[in-house]
Number of protein chains: 2
Amino acid sequence: MSEMLPGPRLLPLVDAPPPERRDAARNRELLLEAARRLVHQHGAPGVTMDAVAAAAGVGKGTVFRRFESREGLMAAVLNYSESEWQGAVMSGPAPLGPGAEPWERLLAFGRSRLETTLVHAELIRAAGRAGGSRSFAAYSFATRHVHYLLHELGVTGDLPLLAVALLAPLEALILDQQVTVEGFPLERVYAGWVDLARRIVGVRT
Amino acid sequence: MSEMLPGPRLLPLVDAPPPERRDAARNRELLLEAARRLVHQHGAPGVTMDAVAAAAGVGKGTVFRRFESREGLMAAVLNYSESEWQGAVMSGPAPLGPGAEPWERLLAFGRSRLETTLVHAELIRAAGRAGGSRSFAAYSFATRHVHYLLHELGVTGDLPLLAVALLAPLEALILDQQVTVEGFPLERVYAGWVDLARRIVGVRT
DNA sequence: CGGACAAACGGACCGCGGTCCGGTTCCATT
DNA sequence: AATGGAACCGGACCGCGGTCCGTTTGTCCG
């Protein structure tokens, strides 16, 4: 028993999440792909968990072990879709990507976010607030990006809150209400957002 | 057949909704009351439709005929709760109610709305977007009120959109994220909102 | 008062999200 | 290669939201 202590191989002060077994990882891929396909075919509300499990050739329990809940699965699909957009913002062509003036980037961001939200509206609804605290990547990403742009523009104040104020009117719930229910044309909504941005950032052209 | 035309008793150009039968009205009351009681006792997520039906001494089908869906029922309960607040805004004491300067009223409105939203957060979640287009009264009421205050303050621009921009950061989803998840103190969120209002309305004290 | 029709009622029934647990598979260690 | 145990797998099972349809009740007329 009292051997030479081999010394800790790793010191997991904060417990590292144990790695995923090979079959588990494989099934996660299978499931995500099947889910993406089915959502594309039948729309998010028309996809049942049993269907996803069957399409992936896997038991239902497995679906829930890999992705917590239906919302979790939808959030994963959504994340996958949004990652393309995130790439465009981080390293795509200007003015959305880097290279343009911050104000131009902000305008491009608003328009792009507006459209992306509407395209993914169904999925966003289905994802709910997936898994609670670990809010899915898109929200946090957008917030940080706007925060950065505001900083770049020399805006002073509580930047995290101002960033949220700028993003809130672009939330799916609200956009859906304005565009689908009240019938505001998209251009009007965008123009309104630009006006808001102008007032928050300060006077502009 | 060719009698004297008795003349139309009513001319329902827009079809009037046929009146509710007496037992139907009674059951609606019974159900709403039972639902309010159960929600108060067990919290919105812990209330099942069967339980509400049983508590009201009524069949389950009746619940769904009177209130479309679970969300519909929750929206009705929510509406009931919010009507008190609406009264305070419309005819309560200043500065929330009439009598104060528009800017003071706006500030009072923001604070009050912030608190009310947090109190009703659970119910708001459960209500979803009850019944689709007929968005429950609170949303439309708050929007109109802010619209009015902005007008009173002499703000120019697309007022309906600016009103929404001012209300969006007070939406339950967003507040919940900021307060519960990110742990921002309530005072900070309110101060941020005041700052936003200042920027939208124009310079102020 | 009586009869007829529409509207409302109730509860059996269905589909889906989510859980549970006995059996199986992978990986580390010897 | 053999072995022990942890992680994973599958599908039977459960509770709840929502629907359906045969029966009852209210209301309006003659």
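Computed from a prediction, not measured in an experiment: that's the story for all the values here. Throughout, a chain's letter reflects where its sequence line sits, starting with A, and its residues are numbered from 1.
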Query raised in the report: Taking atom types as they are modelled, is there a donor-acceptor pair under 3.5 Å from the base of dT27(D) to the side chain of Arg21(B)?
Result: no
**Report entry** Presence of Arg66(A) side-chain N/O under 4.0 Å of dC9(D) phosphate oxygens OP1/OP2
**Finding:** yes
Query raised in the report: If each of Ala25(B) and Arg70(A) is mapped to the nucleotide of DNA chain C with the nearest heavy atom, which maps nearer the 5' terminus, i.e. the 5' end?
Result: Ala25(B)
Query raised in the report: If only side-chain N and O atoms of Arg26(B) are considered, is one of them under 4.0 Å from the OP1 or OP2 phosphate oxygen of dA8(C)?
Result: no
Query raised in the report: Within less than 4.0 Å of OP1 or OP2 of dA8(C), is there a side-chain N or O belonging to Thr62(B)?
Result: no
Query - Sequence-distant partners of Arg28(B), salt bridge (Lys or Arg N to Asp or Glu O under 4.0 Å), two or more places apart - result: Glu20(B)
Requested in this report: To the nearest Å, give me how far apart CZ (Arg65(B)) and C1' (dA6(C)) are.
Outcome: 13 Å
Query raised in the report: Please, which pairs that meet ring pair (Phe, Tyr, Trp, His ring centres under 6.0 Å) have at least one residue in residues 46-67 of chain B, sequence neighbours excluded?
Result: none
Query raised in the report: In whole angstroms, how far is the C1' atom of dC14(C) from the CZ atom of Phe64(B)?
Result: 13 Å
Requested in this report: Give a yes/no answer on whether the side chain of Asn27(A) brings an N or O atom under 4.0 Å of OP1 or OP2 in dC8(D).
Outcome: no
Requested in this report: Specify the residues of residues 29-60 of chain A, ordered by number, for which at least one heavy atom lies under 4.0 angstrom from an atom of DNA chain D.
Outcome: Val58(A), Gly59(A), Lys60(A)
Report task. Answer yes or no for Arg113(B) and Trp85(B): cation-pi contact, defined as NZ/CZ to six-membered ring centre under 6.0 Å and angle to ring axis within 45°. Result -> yes
Report task. Could you state the atom-to-atom distance from CE of Met74(A) to C1' of dG17(C) in whole Å? Result -> 11 Å
Report task. Assess the side chains of Ser140(A) and Arg144(A): does a donor N or O sit below 3.5 Å from an acceptor N or O? Result -> yes
Query raised in the report: What integer distance in Å separates Glu68(A):CD from dC8(D):P?
Result: 14 Å
Query raised in the report: Rounded to the nearest Å, what distance is computed from the CZ atom of residue Arg22(A) to the P atom of nucleotide dC9(D)?
Result: 14 Å
**Report entry** Separation of dG17(D) C1' from Phe67(B) CZ (nearest whole Å)
**Finding:** 16 Å
**Report entry** Atom-pair distance (CD on Glu20(A); P on dC8(D)), nearest Å
**Finding:** 7 Å
